[in-house]
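The structure appears right after this line, and notes come after that.
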2 protein chains.
Amino acid sequence: MSETCINCGHSLCARRVPIFSKLDGKEIESVVTLIRRKHFDKGENLFFEGGELQGLIIINRGRAKAYINTPEGKEQILHIFFPGDFFGEKSLFVDKKTEYNVKAVEPVDICMISKKDFQELIKKYPGITSKILQELVNRIDRLESMIENIGAKSVDSRINAVLLEFAQKSLDENQIDSAAQFELPLNREGIANYIGVTRETVSRKLNLLQEEGVIQMIGNKKIKILDKNRLKSE
Amino acid sequence: MSETCINCGHSLCARRVPIFSKLDGKEIESVVTLIRRKHFDKGENLFFEGGELQGLIIINRGRAKAYINTPEGKEQILHIFFPGDFFGEKSLFVDKKTEYNVKAVEPVDICMISKKDFQELIKKYPGITSKILQELVNRIDRLESMIENIGAKSVDSRINAVLLEFAQKSLDENQIDSAAQFELPLNREGIANYIGVTRETVSRKLNLLQEEGVIQMIGNKKIKILDKNRLKSE
DNA sequence: CGACGGGTTGAGCGCACTCAAGCGCAGTGG
DNA sequence: CCACTGCGCTTGAGTGCGCTCAACCCGTCG
């Protein structure tokens with residue numbers, strides 16, 4: 001864990017964050033002075049449930065998973081944070097603790113802004129608020145379709161949906177259509193805990209999809225979608 | 001469907017809505033002039049997925065369910081809106097359509113504010129924005145714990161959780177402890193579609209809970225929680 | 001080398017689903 | 001008032017899908 005992020009020049013770092021994307025050069029500068037940076041190795045926890053998290057955390061590089069451990073000993077993954085995503089917004093607006101954990105699934109660099117600094121930032125640049133609102137609404141969207149998946153769809157459909165989701169987050173539009181390969185953000189067990197099944201089931205279904213020629217696996221982590229339409233149906 | 005709401009004096013109506021709770025008398029007055037009211041009978045749809053919904057809708061009386069029909073012919077319920085809850089916030093902040101339906105499960109009165117009016121309201125009273133933010137964060141909370149329930153918990157636990165949720169929304173704290181009865185907002189099929197099981201399963205589990213002395217059913221719709229702790233465990 | 005984590009495969013089982021029938025109650029109309 | 005109808009709920013029987021448990025494989029790392 002180091003305090004500096006070698007890979008990003010200061011202003012560049014803040015500009016990559018969608019929340020600040022509307023600010024101009026000078027404004028970005030003033031934001032940058034408030035930001036602290038941190039690095040986490042793969043497997044390290046960025047945050048534990050119920051912990052004190054008095055600020056906003058933005059993922060700058062790498063991916064992280066937010067998850068809950070149930071009393072029954074299972075792990076349910078709620079979000080996969082990609083670069084540009086943030087969490088900790090809850091502590092900014094309501095007086096409640098966040099009750100999930102966040103763990104780096106690969107090396108991760110983050111930006112942090114304290115609650116106090118952020119509230120002043122909002123006063124100065126109200127445009128940020130509307131960016132946050134947009135992001136929250138989008139997150140509600142994703143959670144809702146996740147519930148539809150887990151609650152009402154067959155296991156096959158859930159696998160299909162999660163593959164499409166990962167592809168969309170990892171590639172841009174034309175890349176998906178050209179069957180470019182991408183890297184799964186989670187291992188089999190992680191995918192299983194994301195869609196509410198067991199790792200064995202994920203394993204079997206992926207092999208089945210490959211046999212049917214819908215996808216092609218390169219090693220364990222990389223995947224290529226050959227027939228996007230077959231994934232969309234059902 | 002009538003255009004006026006007989007049951008609420010104008011300012012009273014707006015004051016009951018948490019979003020406006022921080023405004024003072026005069027401010028409330030100015031909000032009231034923007035509000036249009038509507039009534040829906042049980043079973044009527046307040047809103048269809050993909051429809052044009054250019055404004056915010058606040059439930060004033062009665063309860064409504066938000067649900068999706070899956071391609072496989074199942075219905076997944078996403079939210080139960082109680083009086084004071086709102087929906088349609090999505091259309092205010094992002095340029096996307098809402099893709100669930102909303103149906104009255106009992107007679108419902110609503111307040112409507114158009115997108116245009118609401119945006120001016122926000123400019124005038126920025127406090128409303130923070131209320132909205134709070135509510136969105138709370139909603140994310142609820143969706144997350146819903147995913148934990150459906151995805152990682154046993155059917156028994158899901159039934160327990162949903163009963164507690166309905167009790168909390170219907171009663172206040174001391175009432176729950178004194179085992180007061182309350183009315184279920186959904187029938188068996190509705191509960192089933194909310195927690196991702198079949199109606200038969202709900203039926204069986206409820207009877208089991210009654211046999212075990214954890215709950216007591218009065219008719220089909222009313223229920224009394226006798227042993228709150230047994231519902232909480234697991 | 002052995003240990004370990006991640007992945008795959010197989011066998012068997014249990015739980016919730018499916019399908020089907022019957023019950024009870026409310027509302028309707030003769 | 002009763003018969004009729006329809007809806008919601010219950011109950012039973014049988015089945016199938018995904019889970020559990022266990023073994024094994026493979027590549028990596030100390």
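All values below come from the heavy atoms of this structure, side chains included, with hydrogens, waters and symmetry mates left out.
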Closest nucleotide among dC19(D), dG12(D), dG7(C) to the Arg204(B) side chain: dG12(D)
Do Glu89(A) and Lys115(A) meet the salt-bridge criterion of a basic N to acidic O distance under 4.0 Å? no
Find the distance Lys205(B):NZ to dC15(C):C1' and express it as a whole number of Å. 8 Å
Measuring from the side chain of Glu200(A) (C-beta onward, heavy atoms only), which nucleotide among dT10(D), dT18(C), dC21(D) has the closest atom? dC21(D)
Would you name the heavy atoms of Ile68(A) and Asn101(A) that are closest together and state the gap between them? CA-ND2, 4.5 Å
Find the distance Asn207(B):CG to dG24(C):C1' and express it as a whole number of Å. 14 Å
Against Glu165(A), only a single residue in Lys232(A), Arg158(A), Arg142(A) fulfils salt bridge (charged side-chain N to carboxylate O under 4.0 Å, His left out); can you say which? Arg142(A)
Rounded to the nearest angstrom, tell me the gap between atom NZ in Lys153(B) and atom P in dA16(C). 15 Å
Examine dG18(D): is either OP1 or OP2 under 4.0 Å from a nitrogen or oxygen in the side chain of Thr198(A)? Give yes or no. no
So what does Arg199(B) hit on the nucleic acid, given a heavy-atom distance under 4.0 Å: a base, only sugar-phosphate, or nothing? nothing
Is there a side-chain polar atom (N or O) of Thr201(B) under 4.0 Å from OP1 or OP2 of dC15(C)? no
Using a 4.0 Å heavy-atom cut-off, does Gly219(A) contact any base of the nucleic acid, only the sugar-phosphate backbone, or nothing at all? nothing
Hey, can you tell me if Phe81(B) and Tyr100(B) have their rings parallel, tilted or perpendicular (30° and 60° cut-offs)? tilted
Nearest-Å distance, CG (Leu206(A)) to P (dG7(C))? 10 Å
In Arg63(B), Lys169(B), His79(B), the residue satisfying side chain to side chain contact (heavy atoms under 4.5 Å, CB included) with Asp85(B) is Lys169(B)
Separation of Lys74(A) atom NZ from dC19(D) atom C1', in whole Å? 8 Å
Value in whole Å for how far the P atom of dC9(D) lies from CD1 of Ile191(B): 8 Å
For atom CG of Leu208(B) and atom P of dT10(D), their distance in whole Å: 12 Å
Tell me: CG of Asn187(A) to P of dT28(D), nearest whole Å? 16 Å
Measure from the side-chain heavy atoms of Ser203(A) and tell me the nearest of dA16(C), dG7(C), dG18(D). dG7(C)
